[in-house]
Asks: 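Here's a structure for you.
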Amino acid sequence: MLERAEMQLATWNINSLTVRLPQVLDWLAANPVDVLGLQELKLVDEKFPHDAFHAAGYQAVSFGQRTYNGVALLSRTPLEEVVRNIPGHDDDQARVIAATVDGPGGPLRVVNGYFVNGQAPGSDKFDYKMRWLQALQEWLRGELDRHPRLVLMGDFNIAPEDRDSFDPVGLAGTIHHTEEERAHFQALLGLGLADAFRLFEQPEKSFSWWDYRMLGFQKNRGLRIDHILVSEALRAQVNACHIDRTPRKNKQPSDHAPVVLHLAA
DNA sequence: ATGTCGACGAATCGTCGA
């Protein structure tokens, strides 16, 4: 039996799987990761393209909804113990899917989330974001007890620090940048999770999202809001973490770039 | 503040969300 040198996981907000399926398949062909978490499917489970992913070597579990939100996990190996949304937290928006996969050194719990955007501080949507983040944190506390080897990935819609924003001064206090959102991000780290991207030296102005407007990508006016957090039990196995900007250069790109995690076998 | 997208309904654009 051939032993894999490494396991790779990735997260990508693809802003409509209906539109972006060809790009996801192209990216997987060039980047044959073991696990991929997708956000903003914007389609119902009945329309999820299982056949296309299966042909590419992936099985998938999805949690979709019409028009908005929707998340999925793709994996080369079986996805077990699938959980949809935050247990005990009543929510009519499809934002979380979690599953257990075989990992290097033992099973790996993968939690994939499309965190609430929150629109603007003071809005009802911001209040919902705060409640959602609180519920996530409380659920993850137990989830980490049950599954010490855990990865939390997704579109967090939070720029954790000033260096994660193209304009930390001008955008101070606005959505993605508020103290309240950043406190929630720190609370997740306080559970024993580490921001895998920051375990390594990274280029300055590394971002994962750029507004479609105003030539955001061309001017690198972006935010780092897509993250992969790893539990303490996994930390020593993290070999690398990087953002792949290449799909953002394509025609008809998602506004987000994939983030990739390398785990040592 | 926003020149872009994408989904939707019911128009071939207006509205919403991001």
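We name chains A, B, ... by the order of the sequence lines, and we start the count at 1 in each one. No hydrogens, no waters, no symmetry mates; every other heavy atom, side chains included, goes into these values.
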Asks: With a 4.5 Å cut-off on side-chain heavy atoms, are A/W12 and A/P247 touching?
Replies: yes

Asks: Rounded to the nearest angstrom, tell me the gap between atom CD in A/Q65 and atom P in B/dG6.
Replies: 19 Å

Asks: Go nucleotide by nucleotide along DNA chain B from the 5' end; which of A/Q93 and A/R66 gets its closest nucleotide reached first?
Replies: A/R66

Asks: If I take atom CD in residue A/Q252 and atom C1' in nucleotide B/dC5, what distance separates them, rounded to the nearest angstrom?
Replies: 9 Å

Asks: Can a side chain N or O of A/S16 be found less than 4.0 Å away from OP1 or OP2 on B/dA7?
Replies: yes

Asks: Rounded to the nearest angstrom, tell me the gap between atom CG in A/L171 and atom P in B/dT2.
Replies: 15 Å

Asks: Under a 4.5 Å side-chain heavy-atom rule over Ile, Leu, Val, Met, Phe, Trp and Tyr, are A/I86 and A/Y114 clustered together?
Replies: no

Asks: Using the closest heavy atom to pick a nucleotide of DNA chain B for each, name whichever of A/P253 or A/N117 lands nearer the 5' end.
Replies: A/P253

Asks: Looking at DNA chain B, which of residues 210-227 of chain A put a heavy atom within less than 4.0 Å of it?
Replies: A/Y212, A/R213, A/M214

Asks: Take the protein atom CZ of A/F126 and the nucleotide atom P of B/dG17, then report the distance between them rounded to whole Å.
Replies: 17 Å

Asks: Between B/dG6 atom C1' and A/R20 atom CZ, what is the distance in whole Å?
Replies: 8 Å

Asks: B/dG6 P sits how many Å from A/Q39 CD, rounded?
Replies: 17 Å

Asks: Measure the spacing between OG of A/S254 and CH2 of A/W209 and express it to the nearest 0.5 Å.
Replies: 11.0 Å

Asks: Between B/dC5 and B/dA1, how far apart are the two P atoms, rounded to whole Å?
Replies: 22 Å

Asks: Indicate, with yes or no, if A/L188 and A/I228 share a hydrophobic cluster defined by side-chain heavy-atom contacts under 4.5 Å among Ile, Leu, Val, Met, Phe, Trp and Tyr.
Replies: no

Asks: B/dA18 C1' sits how many Å from A/K129 NZ, rounded?
Replies: 11 Å

Asks: With a 4.0 Å cut-off on heavy atoms, is A/Q119 in touch with a base, just the backbone sugar-phosphate, or nothing at all?
Replies: nothing

Asks: Using the ring-ring contact (aromatic ring centres under 6.0 Å, His included) rule, take A/F156 and A/H176 through it: C-alpha gap first, then chi angles, then the decisive distance, then the call.
Replies: CA-CA 9 Å; A/F156 284 52; A/H176 306 307; over 10 Å; no

Asks: Roughly how many Å apart are B/dT2 and B/dA7, using the P atom of each and rounding to a whole number?
Replies: 24 Å

Asks: Starting at atom CG of A/N15, determine the distance to atom P of B/dA18, rounded to an integer number of angstrom.
Replies: 11 Å

Asks: Check whether A/L74 and A/V33 end up in the same hydrophobic cluster, where Ile, Leu, Val, Met, Phe, Trp and Tyr are linked by side-chain heavy atoms less than 4.5 Å apart.
Replies: yes

Asks: Can you tell me which residue pairs pass the salt bridge (Lys or Arg N to Asp or Glu O under 4.0 Å) test with a partner in residues 118-135 of chain A, sequence neighbours excluded?
Replies: A/K129-A/E181

Asks: When the P atoms of B/dA10 and B/dC16 are considered, how many whole Å apart are they?
Replies: 15 Å

